[in-house]
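Inspection log for the structure reproduced underneath, given as structure tokens.
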Amino acid sequence: MDAFTRFTNQTQGRDRLFRATQYTCMLLRYLLEPKAGKENVVMKLKKLESSVSTGRKWFRLGNVVHAIQATQQSIHTTALVPRLCLTLANLNRVVYFICDTILWVRSVGLASHINKEKWRMWAARHYCCSLLLSLARDLYEISLQMEQATRDRAEREKSPPQDPPGYSVADEETEWLQSFLLLLFRSLRKHPPLLLDTVKNFCDILNPLDQLGIYKSNPGIIGLGGLVSSLAGIIIVAYPHMKLKTQ
């Protein structure tokens, strides 16, 4: 109970819960729409999704300041690649939250002359760029972990393996793919924060790709991706040691 109280007392914690609810409604609505006799349930889910989405906008109003602070911190990252990726990603997040705030001003009627579609596309572009840069950082970290795992394996296996009789190029390619996937699995399994961050960023990017028309998805896929991403975010907020650290 204490852990739940600490979690809900955080703005990010409440936002993650609202976000998980929003995408759960989207997923359920997609699954129930084709079924007859579910019109009332679908309508209620749609209203709940809209209400939760509106509530989340209030939680995001101060995120511009957090994104600016994250940008200042990422500038001091030691490694070059993470420093570039994180700094550019956070700068894009700053612009995204500015666009999101302008859209909120438009939605509450404070400035009805704002072109909603224009600012929505700008927000989607910068959100997509931020996620792509974050994924690039994740891939860089994964490559480092795989290199370390390869070195550890080489130390354990000093003698080179002998090829079995009838060994072919096709066997070599198949074995290489299996070894690569196994190495990737072991690297991510040993580093849960990296796995969570990669899954979260990959699932999040489905929405802006759909909005920009780069990769069209249906509400079911977007809802499922948003729900998985939200659950990963809940774990990260509830257990800070699961957050991918910046060196």
Side-chain angles (χ1 to χ4, degrees), residues 3 6-7 10-13 15-17 19-20 23 63 66-94 96-97 126-157 176-209 215 217 221-247:
R6 287 195 300 270
F7 177 81
Q10 301 180 62
T11 301
Q12 286 188 348
D15 178 67
R16 295 297 188 277
L17 289 176
R19 191 173 189 268
Y23 283 107
N63 283 352
H66 294 301
I68 293 175
Q69 292 178 340
T71 304
Q72 294 173 339
Q73 294 174 358
S74 61
I75 292 176
H76 302 290
T77 304
T78 304
L80 176 62
V81 174
R83 181 166 70 245
L84 289 175
C85 291
L86 289 175
T87 302
L88 293 176
N90 287 323
L91 285 174
N92 276 279
R93 283 174 58 83
V94 171
Y96 162 70
F97 286 127
H126 287 284
Y127 186 40
C128 184
C129 288
S130 175
L131 291 172
L132 286 174
L133 288 163
S134 297
L135 280 172
R137 183 265 181 117
D138 290 333
L139 292 175
Y140 173 77
E141 297 290 348
I142 289 173
S143 67
L144 292 181
Q145 297 301 330
M146 292 178 69
E147 288 178 5
Q148 182 61 46
T150 302
R151 287 194 294 267
D152 295 341
R153 180 180 178 182
E155 292 180 358
R156 291 194 303 266
E157 301 174 358
W176 178 87
L177 179 60
Q178 292 175 346
S179 299
F180 174 81
L181 294 176
L182 181 60
L183 185 61
L184 176 62
F185 171 75
R186 287 177 176 174
S187 300
L188 292 176
R189 186 182 62 179
K190 290 182 178 179
H191 298 84
L194 181 55
L195 174 61
L196 282 175
D197 196 74
T198 304
V199 169
K200 184 173 71 66
N201 290 327
F202 179 78
C203 292
D204 278 340
I205 206 170
L206 296 175
N207 194 7
L209 288 179
Y215 182 79
S217 302
I221 294 177
I222 296 176
L224 178 60
L227 177 59
V228 172
S229 171
S230 300
L231 293 177
I234 288 174
I235 294 174
I236 293 173
V237 175
Y239 303 98
H241 66 277
M242 297 295 289
K243 183 178 180 179
L244 185 60
K245 299 298 188 295
T246 302
Q247 299 296 329

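Just so we're clear, the structure is a prediction, and the values are computed from it rather than from any experiment. Positions are given from 1, in the same order as the sequence printed here. All values below come from the heavy atoms of this structure, side chains included, with hydrogens, waters and symmetry mates left out.
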Considering non-hydrogen atoms only, spot the tightest contact between [X] and [Y] and give its length.
X    : Y    : result
L135 : T198 : CD2-O, 4.0 Å
A67  : V94  : CB-CG2, 3.6 Å
A70  : N90  : O-ND2, 3.3 Å

By side chain to side chain contact (heavy atoms under 4.5 Å, CB included) - contacts of [X] (at least two apart):
X    : value
Q72  : I68
C128 : L132, I205, P208, L209, L212
L133 : L88, A89, N92

Separation between [atom1] of [X] and [atom2] of [Y], rounded to the nearest 0.5 Å:
X    : Y    : atom1 : atom2 : result
L188 : D197 : CG    : CG    : 11.0 Å
T71  : L86  : OG1   : CG    : 9.5 Å
L194 : S187 : CG    : OG    : 8.5 Å
M146 : L183 : CE    : CG    : 4.0 Å
N207 : Y23  : CG    : OH    : 4.5 Å

Ring pair (Phe, Tyr, Trp, His ring centres under 6.0 Å) involving H191 - partner list, sequence neighbours excluded:
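Partners of H191 by the ring pair (Phe, Tyr, Trp, His ring centres under 6.0 Å) criterion come out as none, since no residue qualifies.
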
Y96: which residues meet the ring pair (Phe, Tyr, Trp, His ring centres under 6.0 Å) condition with it, sequence neighbours left out?
Y127

Could you tabulate the donor-acceptor pairs under 3.5 Å formed by side-chain atoms of residues 223-233, not counting sequence neighbours?
| unit_1 | atom_1 | unit_2 | atom_2 | d |
| --- | --- | --- | --- | --- |
| S229 | OG | R19 | NH1 | 3.3 |
| S229 | OG | D204 | OD1 | 2.5 |
| S229 | OG | D204 | OD2 | 3.1 |
| S230 | OG | R19 | NH1 | 3.0 |
| S230 | OG | G226 | O | 2.7 |

Partner residues of [X] under the side-chain hydrogen bond (donor to acceptor under 3.5 Å, both in side chains) criterion, sequence neighbours left out:
X    : result
R151 : Q148
D138 : N201
T87  : S74

Around atom OH of Y140, are there more than 12 heavy atoms of other residues, nucleotides or ligands at under 6.0 Å?
yes

Residues at least two apart in sequence or cross-chain that pass salt bridge (charged side-chain N to carboxylate O under 4.0 Å, His left out) with R83, listed by chain then number, are none

What residues, two or more places apart in sequence or in another chain, satisfy salt bridge (charged side-chain N to carboxylate O under 4.0 Å, His left out) together with D15?
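Per chain and number, D15 pairs via salt bridge (charged side-chain N to carboxylate O under 4.0 Å, His left out) with R56.
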
For a quick test of your reading: what N or O donor-acceptor pairs under 3.5 Å do the side chains of residues 237-244 make, sequence neighbours left out?
none

Any side-chain heavy-atom pair of K245 and P193 under 4.5 Å:
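No, every pair of side-chain atoms sits at 4.5 Å or beyond.
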
